[in-house]
Amino acid sequence: MNWNRSLDLLQVHCQGEIGKVIVSGAPEIPGATMLDKMNHINTVDDSLRRFVTFEPRANVAMSVNLLIAPTCADADAGFIVLQADRAHPMSGSNCICVVTALLESGRVPMSEPETVVRLDTPAGLIVARAICREGRCLSVSLDNVPSFAEALDREVETPKWGRIKIDVAFGGVYYALVDVDQLGLDITPANARLLAEAGIELKSLLADQISVAHPVLHGVDEIAYVMFRGQEPDGAVRTCTTLQPGRVDRSPCGTGSSANLAALHARGEVSVGDRRTSRSIIGGEFLAEAIGETEVGGRRAVLPRITGRAYVYGREQLRLSDDDPFTAGFALSDTWGPQVGLLG
């Protein structure tokens with residue numbers, strides 16, 4: 001069997017959310033910066049993204065991270081998040097997966113008890129601090145990009161739930177943050193399908209009612225995800241990020257937790273030094289900390305630090321073959337959900 005053309009991946013999950021990492025075999029992506037490369041994937045050639053994120057090589061509940069050489073001199077590596085709808089500039093859970101994969105595979109030398117890894121992403125430079133012991137990565141703290149609120153308590157009209165209020169905030173991508181009780185739902189595993197379909201319906205409605213454009217990052221101009229949130233008795237925030245075409249994030253969502261921290265900061269409910277626990281639909285936890293303040297395009301912003309853990313659970317090799325009839329992949333509504341057509 002000819003394996004001259006193949007992709008090598010490490011299988012990784014962060015609090016149950018799969019974030020595989022392509023470690024070799026990927027083609028060169030044109031672009032002077034990581035943002036340029038992401039925009040090339042989204043607007044010029046998405047063949048690699050489709051190959052690794054659609055059936056028969058993938059399933060709906062996963063992401064794939066493209067590991068590439070950094071475009072800035074002060075970074076150890078660069079990566080782009082590939083998902084079924086498009087390439088995205090940043091993801092906390094995926095970033096934790098990438099750091100863990102780099103260190104445990106030896107691609108970045110591990111120092112115990114702590115290793116600092118600097119990652120070039122389309123959203124900006126991410127500085128990660130990993131706690132390491134006996135060759136394992138026990139936790140990763142990400143100093144995320146500046147996060148800010150775009151709108152607070154914005155009222156939107158919906159045919160199903162009437163008029164509801166949302167916050168719009170940037171935490172590496174743009175989020176619509178929705179208090180889940182407005183929909184008469186709880187964030188529980190039993191409601192995962194209902195929450196997924198509600199989130200995708202809201203995302204579609206918001207596209208017609210709210211416009212966003214990052215003041216610095218060209219091409220970051222959509223609300224990528226709807227994240228439902230609820231308050232736990234112990235003060236934690238229960239999170240449920242919904243992704244196209246209709247699934248829920250298994251992790252507490254690092255960029256969503258950063259966006260929520262930005263909304264709390266804008267309201268004056270969080271100050272530098274404050275911490276909040278984010279808890280996922282299946283009980284996984286991230287710690288979100290406000291470590292500083294800054295400004296982005298005239299917007300008051302917070303500097304978030306997100307801490308969590310990932311696990312390398314296997315290896316995978318994908319063969320590239322010109323006679324494979326499904327190199328562009330496919331997705332069916334039986335598992336991908338009734339709105340699978342949103343993927344194109």
Side-chain angles (χ1 to χ4, degrees), residues 12-20 38 41-42 46 49-50 52-55 58-66 79-97 122-123 166 168-178 180 183 185 187 189 191-207 212 220 222-229 238-260 278 280-282 284 286 306 308 329-344:
V12 195
H13 78 81
C14 180
Q15 298 299 308
E17 177 71 11
I18 296 173
K20 297 181 180 181
M38 183 196 77
I41 293 171
N42 284 334
D46 70 347
R49 179 188 64 79
R50 295 185 64 91
V52 297
T53 62
F54 280 85
E55 294 184 66
N59 61 73
V60 63
M62 56 174 282
S63 301
V64 178
N65 297 289
L66 174 59
F79 83 99
I80 299 172
V81 182
L82 306 179
Q83 292 180 341
D85 61 335
R86 60 187 289 132
H88 290 275
M90 177 52 188
S91 161
S93 65
N94 282 288
C95 192
I96 293 171
C97 286
I166 68 167
V168 179
F170 178 83
V173 295
Y174 275 104
Y175 281 82
L177 306 168
V178 183
V180 71
L183 278 62
L185 292 172
I187 299 175
N191 286 336
R193 170 51 58 189
L194 293 174
L195 290 163
E197 292 179 356
I200 299 309
E201 184 172 343
L202 278 173
K203 176 177 162 60
S204 179
L205 290 170
L206 294 174
V212 295
V220 181
E222 71 158 11
I223 293 175
Y225 310 114
V226 171
M227 187 178 90
F228 296 113
R229 61 189 178 188
R238 179 75 73 168
T239 71
C240 179
T241 293
T242 57
L243 301 87
Q244 284 190 317
R247 75 169 184 94
V248 302
D249 193 339
R250 274 66 173 154
S251 84
C253 190
T255 48
S257 295
S258 298
N260 189 57
S278 292
S280 76
I281 192 170
I282 58 171
F286 286 166
I306 303 297
F330 59 87
L332 297 177
S333 63
D334 61 339
T335 56
W336 290 72
Q339 303 200 64
V340 67
L342 294 171
L343 297 176

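Reckoned from all heavy atoms, side chains included, excluding hydrogens, waters and symmetry mates.
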### Query
Are any side-chain N or O atoms of Ser280 and backbone N or O atoms of Arg250, one a donor and one an acceptor, separated by less than 3.5 Å?
yes

### Task
For side-chain contact (heavy atoms from CB on, under 4.5 Å), just list the numbers for Ile96 and Phe286, CA-CA rounded to whole Å, side-chain angles, deciding distance to a tenth of an Å, and then say yes or no.
CA-CA 11 Å; Ile96 293 171; Phe286 286 166; 4.1 Å; yes

### Query
Which residues satisfy the salt bridge (charged side-chain N to carboxylate O under 4.0 Å, His left out) test with Glu222, sequence neighbours excluded?
Arg86, Lys203

### Derivation and outcome, side-chain contact (heavy atoms from CB on, under 4.5 Å), residues Phe54 and Leu343
CA-CA 10 Å; Phe54 280 85; Leu343 297 176; 3.9 Å; yes

### Steps toward side-chain contact (heavy atoms from CB on, under 4.5 Å) verdict (Val212, Ile223)
CA-CA 7 Å; Val212 295; Ile223 293 175; 4.3 Å; yes

#### Entry: Side-chain (Arg49) to main-chain (Ala84) donor-acceptor, under 3.5 angstrom
yes

### Message
When you measure from the side chain of Ser333 to the backbone of Val340, do you find a donor-acceptor pair of N or O atoms at a distance under 3.5 Å?
### Response
no

### Task
Please work out whether the ring planes of Tyr175 and Tyr225 are parallel, tilted or perpendicular, with thresholds of 30° and 60°.
tilted

### Query
Would a distance-only check, ignoring hydrogens and angles, find a side-chain to backbone donor-acceptor pair under 3.5 Å from Asn65 to Lys20?
yes

#### Entry: Closest approach of Cys240 to Ile187 (non-hydrogen atoms, all atoms of both residues)
CB-CG2, 3.7 Å

### Query
Checking side-chain contact (heavy atoms from CB on, under 4.5 Å) for the pair Ile166/Leu202: CA distance, chi angles, key distance, verdict?
CA-CA 10 Å; Ile166 68 167; Leu202 278 173; over 6 Å; no

### Query
Is there a donor-acceptor pair closer than 3.5 Å between any side-chain N or O of Thr242 and the backbone N or O of Val226?
yes

#### Entry: Gln15 side, atom CD; Ser278 side, atom OG - distance, nearest 0.5 Å
11.5 Å

